[in-house]
There are 2 protein chains.
Amino acid sequence: MAGPDRKPTIIDVARLAGASIKTVSRVINKERYVSPDMQERIEKAVAELGYQPNMMARSLASERSNLIGHLYGDAGGPYTLEIQVGLLNRCRDHGYHLMIEEIDYRSANVEQRASAIVNQMRLDGVVLTAPVTDNPVVLRILEDAGVPYVRVTPQQESETSPSVRIDERQAAYTLTQHLLALGHRRIGFIKGKANHTATILRYTGYCQALTDAGVAVDPVLVEQGEFTYASAVPCARRLLDQHNRPTAIFASNDEMAAAVVAEAHNRSFSLPAQLSVVGFDDTPLAEMMWPPLTTVRQPVREMAEAAADILIGLLSQRGKVDWPKPVPHQVLAHTILLRQSTARPPAKG
Amino acid sequence: MAGPDRKPTIIDVARLAGASIKTVSRVINKERYVSPDMQERIEKAVAELGYQPNMMARSLASERSNLIGHLYGDAGGPYTLEIQVGLLNRCRDHGYHLMIEEIDYRSANVEQRASAIVNQMRLDGVVLTAPVTDNPVVLRILEDAGVPYVRVTPQQESETSPSVRIDERQAAYTLTQHLLALGHRRIGFIKGKANHTATILRYTGYCQALTDAGVAVDPVLVEQGEFTYASAVPCARRLLDQHNRPTAIFASNDEMAAAVVAEAHNRSFSLPAQLSVVGFDDTPLAEMMWPPLTTVRQPVREMAEAAADILIGLLSQRGKVDWPKPVPHQVLAHTILLRQSTARPPAKG
DNA sequence: GGGGACGATGGCACCGCTGTCATTCCCCTT
DNA sequence: AAGGGGAATGACAGCGGTGCCATCGTCCCC
């Protein structure tokens with residue numbers, strides 16, 4: 001009845017099972033060389049005491065923390081969350097835990113902070129999402145610390161770290177083709193935040209599709225947004241104010257597409273009859289707005305799962321230090337979702 | 001040049017500074033009783049070696065992990081993310097790290113999983129969000145482990161743990177009053193998922209406002225949704241199909257309000273002239289849909305920050321074991337956002 | 001001038017586990 | 001019968017810090 005009140009340790013288990021702590025450790029870690037009889041006794045003792053190994057002690061002794069970190073820059077909407085859900089799915093199944101850290105990549109002490117996170121916590125591995133994926137300071141710290149990391153949608157593939165992505169350029173290309181196929185020739189474009197990978201790739205895809213169709217890219221139809229609703233409002237205004245205004249607008253993400261739609265509603269346009277709009281990302285928003293938005297779905301969760309798989313795969317081969325070369329670069333399939341925000345352009349008056 | 005290649009430890013620092021490791025430890029932990037001279041020498045040594053204390057070792061020895069856990073049930077959209085951002089803000093400032101774990105509260109091994117998370121990782125404290133806030137199994141595990149926790153928007157305040165919330169009943173009351181003041185008398189209501197705290201409180205506020213205004217609650221106007229867009233579509237249909245249909249609809253969250261709006265658009269209603277719609281939560285969606293949605297903003301991030309503050313406040317008083325009694329229950333202010341989805345009802349034909 | 005009180009520092013056990021190596025026992029070979 | 005090899009187990013030294021207590025020198029005060 002009395003019993004020690006503190007949490008049971010491996011020593012208590014060993015004592016109760018009549019074994020050495022090392023043997024208990026073997027059972028806990030599912031190592032070989034334990035007789036079935038002994039195994040059973042120990043498992044019983046574990047159950048009886050409700051023993052749970054202390055991760056801190058374990059990590060200290062084994063130099064493995066079983067911690068995976070997710071470093072991100074902007075807590076950008078549903079994207080970040082989906083990433084986390086994906087990571088969590090895998091972590092759970094493989095006994096890892098997820099630590100999340102936001103890194104203000106603009107701040108002066110990025111270095112200090114990133115270093116503290118990586119080195120103090122002794123993370124086993126790290127997953128990077130934009131815009132930290134391409135931050136040289138962070139990457140160097142990771143390299144120096146010898147912590148394996150996987151980048152989701154990096155600007156540029158590297159030989160030292162794996163990556164996961166979709167072909168954004170191709171997606172933008174296809175989406176633009178869709179508009180062209182409907183008969184649109186004046187297609188406006190709202191870019192995302194400067195220097196973001198996505199911004200560049202999506203824009204490139206748009207340009208290429210136009211060019212391939214023999215349509216010139218008209219700079220008057222290209223606006224610079226920042227991936228936010230607010231940033232896109234003036235862009236939409238300028239585009240729709242033109243005397244020879246575009247019959248379709250490609251916004252670099254759904255949020256900005258929503259701004260275009262709102263602005264069109266303001267002017268009492270009937271959508272999609274008078275204006276086609278497409279977005280990118282398939283955020284929940286896309287399906288809930290009116291009219292439902294034609295957009296591209298990135299399998300974000302699956303991408304995160306793939307990243308986790310790659311990471312955990314490596315970590316499981318203790319002893320090996322380095323990535324296999326060449327390091328894996330996965331490209332997952334995207335989906336073009338044709339909804340009701342696109343239609344043929346209005347007949348020429 | 002040669003120097004040890006492994007990460008420097010406190011011993012290296014002590015040696016370099018000509019001090020004992022204990023004194024170095026004092027400096028690292030900002031304890032008192034270190035002479036300025038000694039302090040400076042040690043700080044210099046730390047900088048020179050780029051020393052970073054090993055959290056694992058520190059935790060093991062001190063029985064503090066500096067880890068705060070966020071346990072949640074559904075990764076419900078922007079809400080969860082906002083919570084995390086809030087928590088992160090505080091963790092960062094106080095030297096804590098955030099571990100996130102999803103708990104499938106329907107699964108059979110909730111107990112095992114929750115226990116593993118709490119006990120193995122030796123979390124210093126935990127923040128709970130719906131629907132784990134009220135899971136008796138999880139709560140018991142936390143209590144047993146003696147891990148302090150704060151609940152965000154719990155179903156019921158408890159004497160053993162602090163909570164943070166807004167007055168949802170009051171918010172729903174006010175919002176309903178707004179509709180009444182515009183002249184609406186037939187106000188539809190779409191409830192959230194059964195058993196959720198929010199569902200009950202919001203509905204109660206609605207009923208009370210009606211009653212106080214001398215309007216009877218008509219069960220025909222009350223539909224049961226599940227907080228999702230899809231679940232609300234049939235609800236919206238049924239409400240709008242009625243011969244004497246409501247002139248306004250109160251959806252228990254924005255997502256369901258979006259479904260109502262979409263359904264109204266489908267029928268080519270002009271909003272808000274023919275139908276007023278209100279939601280709850282002020283998700284990003286609310287501002288981006290058309291027309292922009294009148295809704296209630298919960299200061300989610302601030303709530304998370306408050307929760308973290310409460311938790312960290314307690315943790316900083318090491319030695320004290322228990323919450324001060326009575327434990328704090330914070331109620332933050334909400335905001336009613338009047339946008340363009342509400343108007344006076346159409347004049348009686 | 002003796003006795004505190006207090007500032008400053010160090011010594012050392014110990015937190016709970018894993019890695020390494022030694023040991024024992026058994027069966028199999030030659 | 002001796003030797004060899006592998007399965008099963010244990011002893012023990014850390015991993016890198018912190019907590020507690022001892023020590024030492026000063027300054028102060030009656």
Side-chain angles (χ1 to χ4, degrees), chain A residues 4-43 45-46 49-67 95 116 119-122 124 318-319, chain B residues 4-43 45-46 49-67 95 116 119-122 124 318-319:
Chain A
D5 203 359
R6 48 178 189 64
K7 287 204 174 68
T9 74
I10 199 171
I11 299 183
D12 301 318
V13 177
R15 191 146 36 209
L16 181 58
S20 72
I21 60 174
K22 180 65 223 191
T23 304
V24 175
S25 170
R26 286 198 181 88
V27 172
I28 303 289
N29 293 294
K30 305 198 201 316
E31 289 174 23
R32 302 176 357 172
Y33 303 141
V34 178
S35 67
D37 163 59
M38 178 64 96
Q39 166 138 1
E40 194 187 340
R41 268 158 54 210
I42 292 178
E43 276 166 357
V46 166
L49 294 171
Y51 167 72
Q52 312 245 136
N54 180 326
M55 286 300 299
M56 300 302 168
R58 212 207 271 245
S59 303
L60 180 58
S62 68
E63 320 245 88
R64 311 191 58 203
S65 63
N66 285 304
L67 250 33
N119 294 310
Q120 295 189 13
M121 301 304 296
R122 301 295 202 265
D124 282 348
R318 304 287 302 156
Chain B
D5 203 0
R6 48 177 189 64
K7 287 204 175 66
T9 74
I10 198 171
I11 299 183
D12 302 318
V13 176
R15 192 146 34 211
L16 181 58
S20 72
I21 60 173
K22 181 64 228 192
T23 303
V24 175
S25 171
R26 284 198 182 89
V27 172
I28 303 290
N29 292 292
K30 305 198 202 315
E31 288 174 24
R32 303 175 355 173
Y33 304 139
V34 178
S35 66
D37 163 59
M38 178 66 96
Q39 166 138 0
E40 194 188 338
R41 268 158 54 210
I42 292 178
E43 277 167 357
V46 166
L49 294 170
Y51 167 72
Q52 313 244 140
N54 180 326
M55 286 301 297
M56 300 302 168
R58 213 208 272 244
S59 303
L60 179 58
S62 67
E63 321 246 89
R64 311 191 59 203
S65 63
N66 285 305
L67 250 33
N119 293 312
Q120 295 189 12
M121 301 306 296
R122 301 297 202 262
D124 282 348
R318 307 284 304 153

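FYI, side chains are in, hydrogens and waters are out, and symmetry mates aren't considered; it's all heavy atoms of this structure. Just so it is clear: chains get the letters A, B, ... in the order the sequence lines come, proteins before strands, and each one is counted from 1.
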Hey, what do you get for [atom1] ([X]) to [atom2] ([Y]), rounding to the nearest 0.5 Å?
X         : Y        : atom1 : atom2 : result
Leu49(A)  : Lys7(A)  : CG    : NZ    : 14.0 Å
Met56(A)  : Met55(B) : CE    : CE    : 7.5 Å
Ile42(B)  : Arg26(B) : CD1   : CZ    : 9.5 Å
Met38(A)  : Thr23(A) : CE    : OG1   : 5.0 Å
Gln52(A)  : Ile28(A) : CD    : CD1   : 9.5 Å
Met121(B) : Asn66(A) : CE    : CG    : 8.0 Å

>> Under 4.0 Å from OP1 or OP2 of dA8(D): is there any side-chain N or O of Thr23(A) that close?
In response: no
Please enumerate all protein N or O atoms sitting under 3.5 Å from an N or O of nucleotides 4-7 of chain C, with distances to 0.1 Å.
unit_1: dG7(C); atom_1: OP2; unit_2: Tyr33(B); atom_2: OH; d: 2.8

>> Given dA8(C), dG10(C), dG10(D), identify the nucleotide with an atom nearest to the side chain of Ser35(B).
In response: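 Between dA8(C), dG10(C), dG10(D), the one nearest the side chain of Ser35(B) would be dA8(C).
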> Whole Å only: how far is the CD atom of Gln39(A) from the C1' atom of dT9(D)?
Replying inline: 14 Å
> Can you give one letter per nucleotide of nucleotides 14-23 of chain C, 5' to 3': B if a protein heavy atom sits under 4.0 Å from the base, S if only from the sugar-phosphate, - if neither?
Replying inline: -BBBBBB---
>> Please find the pair of heavy atoms, one from Tyr51(A) and one from Thr9(A), that lie closest to each other, and give the distance.
In response: CE1-C, 3.5 Å
>> I'd like to know whether CD of Glu31(A) has more than 12 heavy-atom contacts from other residues, nucleotides or ligands below 6.0 angstrom.
In response: yes
